[in-house]
Amino acid sequence: MRLIYDNSGVAAVVIPAPKFLTQLAVLDADGNDTVTLESKLIHIANKDLPTGTKYEIIADSVDLSDRAFRNAWTYTANNAIEKTSADLTAEQLASYNMTENL
Amino acid sequence: MAIVINGSGTVTGLAVGGLPDATVDAGTLASGINKTSITDGGNATAITINSSENVGIGTANPAKPLHIMKTAGANTIENLLLLDCNVDSAASGKGGSIVFQDIAAYPNTAEISASRVGGGSSSEVKIKLRNADMLVLNSDGRGLSQFTAKAWINWDNTGTLAILDSHNVSSVTDNAVGNGTVVLANNMANVNYCASVNSQKAGGAANDGCTSNTNGPNRTNGIDVHTLRLHGGSNNNGFQDVDNNFALLFGD
């Protein structure tokens with residue numbers, strides 16, 4: 001999954017780092033990850049996008065490989081699935097050393 | 001050998017008062033020992049204190065002030081020492097340390113501490129020299145110091161942007177052709193860090209190359225990276241998507 005949002009008229013695509021996704025896992029007693037991938041993407045949106053940014057989560061199956069007109073990609077909101085990045089909690093901000101936001 | 005305490009599971013091994021040792025006869029040692037704690041339930045010698053005042057646990061010939069020995073098998077790491085801050089207490093940020101000292105006029109020679117970070121499952125090991133932090137190893141895999149990279153990443157944006165490998169990076173944003181934003185998992189302490197970026201493109205003519213630079217000032221949460229084509233003799237220079245984009249950050 002990825003995030004997509006409007007960046008000054010051009011669509012920006014946020015690719016989560018696989019290692020960071022692993023870092024966000026919460027394992028149960030059997031070693032299974034209890035956090036859904038969508039929840040992790042929302043966490044990354046809240047962390048990496050400016051607060052209040054409208055974005056959507058798109059599946060990996062969405063083909064973004066043809067970059068011939070990359071600079072012409074635009075973000076068209078789908079109100080049914082569009083989300084808005086929110087603030088992290090103070091504890092989360094501290095854990096990421098985001099002290100300027102505290 | 002001054003004293004041998006046999007680990008028979010009883011205090012019979014503590015019958016040291018009868019030994020011809022003035023210190024013991026004076027009662028200094030006897031009063032300082034919790035007799036019930038010196039047991040091992042077996043027949044081997046549990047603790048040895050020799051005439052050099054070296055204490056041996058698991059060895060009858062202690063070579064240092066405290067010498068702990070347990071034979072380790074092949075490819076086996078034996079736990080020789082357990083430092084317990086009380087596992088039944090859930091206090092945030094608690095930990096313990098080992099301290100080295102040399103001269104009273106200076107701060108401690110060194111200190112190695114291990115602690116819980118906050119109230120979660122994270123932990124860290126910290127090495128201090130003269131009371132200054134030299135290296136912090138965090139359970140999320142980061143090594144924090146002036147000589148370890150705070151973050152690095154290698155990504156490919158010739159097709160759908162793919163992060164090939166990274167350290168302390170939460171995401172890369174594909175902004176446009178040859179234009180990416182690296183966001184750190186854990187922010188830098190300030191913007192005065194050193195960021196080095198570079199790139200590599202497969203194929204191309206002998207006079208075709210690429211280069212990268214950071215775009216705009218450092219931010220505590222990351223950098224913007226531009227990648228450009230450098231082609232001798234053509235007018236096709238400009239932003240370009242390449243196979244490998246590298247970013248490396250050192251600093252506080």
Side-chain angles (χ1 to χ4, degrees), chain A residues 1-27 40-41 43-50 53 55 58-74 88 90-102, chain B residues 92-93 117-122 136 138-142 144 150-191 219-222 224 238-242 245 247 252:
Chain A
M1 288 181 169
R2 310 168 195 123
L3 306 171
I4 185 168
Y5 69 98
D6 176 67
N7 185 7
S8 303
V10 178
V13 184
V14 178
I15 312 295
K19 285 183 177 176
F20 188 67
L21 291 175
T22 301
Q23 197 175 317
L24 294 177
V26 176
L27 304 181
K40 293 178 181 178
L41 267 289
H43 182 96
I44 290 174
N46 294 339
K47 176 184 170 302
D48 291 357
L49 300 182
T53 302
Y55 70 94
I58 59 174
D60 288 339
S61 58
V62 176
D63 186 7
L64 300 175
S65 61
D66 184 357
R67 300 179 66 83
F69 300 99
R70 171 62 187 88
N71 292 352
W73 294 0
T74 56
L88 295 176
E91 184 178 2
Q92 288 169 331
L93 291 170
S95 69
Y96 293 124
N97 193 31
M98 299 171 74
T99 52
E100 73 278 11
N101 302 106
L102 288 172
Chain B
S92 298
V117 177
S121 61
S122 297
V136 179
N138 196 288
S139 58
D140 64 16
R142 289 176 298 139
L144 309 179
K150 284 290 170 59
W152 57 261
I153 184 170
N154 177 0
W155 77 95
D156 176 354
N157 64 341
T158 53
T160 303
L161 193 151
I163 297 174
L164 304 177
D165 205 352
S166 66
H167 172 64
N168 192 31
V169 170
S170 59
S171 70
V172 172
T173 301
D174 167 16
N175 297 309
V177 173
N179 184 335
T181 296
V182 176
V183 182
L184 304 179
N186 292 270
N187 281 10
M188 305 296 285
N190 55 58
V191 297
R219 298 184 303 274
T220 54
N221 73 337
D224 294 327
F239 291 102
Q240 187 169 40
D241 296 322
V242 297
N245 299 269
D252 294 332

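Quick note on labels: first sequence line is chain A, next is B, and so on, each numbered from 1. The structure displayed is predicted, hence computed values, not measured ones.
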What part of [X] lies closer than 4.5 angstrom to a heavy atom of chain B: side chain, backbone, both or neither?
| X | answer |
| --- | --- |
| A/Pro18 | side chain |
| A/Asp48 | both |
| A/Ala11 | backbone |
| A/Val13 | both |
| A/Ser95 | backbone |
| A/Ile44 | side chain |

Checking [X] against chain A: side chain, backbone, both or neither under 4.5 Å from a heavy atom?
| X | result |
| --- | --- |
| B/Ser121 | neither |
| B/Ile153 | neither |
| B/Asn175 | both |
| B/Asn168 | neither |
| B/Ser166 | both |

Could you tell me if the side chain of [Y] sits less than 4.5 Å from the side chain of [X], heavy atoms only?
| X | Y | result |
| --- | --- | --- |
| A/Tyr96 | B/Asn221 | no |
| B/Asp174 | A/Arg2 | no |
| A/Lys19 | B/Ile163 | no |

Rounded to the nearest 0.5 Å, what separation is found between the [atom1] atom of [X] and the [atom2] atom of [Y]?
| X | Y | atom1 | atom2 | value |
| --- | --- | --- | --- | --- |
| B/Ser170 | A/Leu24 | OG | CG | 9.0 Å |
| B/Phe239 | A/Asn71 | CZ | CG | 9.0 Å |
| A/Asn97 | B/Asn187 | CG | CG | 6.0 Å |

Give a yes or no on whether A/Glu91 atom CD has more than 12 heavy-atom contacts from other residues, nucleotides or ligands under 6.0 Å away.
no
Can you see which heavy atom on B/Thr173 is nearest to which on A/Tyr5, and at what distance?
CG2-OH, 3.9 Å
If you count heavy-atom pairs under 4.5 Å between each of A/Arg70, A/Met98, A/Gln23, A/Lys47 and chain B, which one has the most?
A/Arg70
Just give me the residue among B/Asp241, B/Asp140, B/Thr220 that pairs up with chain A most often, heavy atom to heavy atom, under 4.5 Å.
B/Asp241
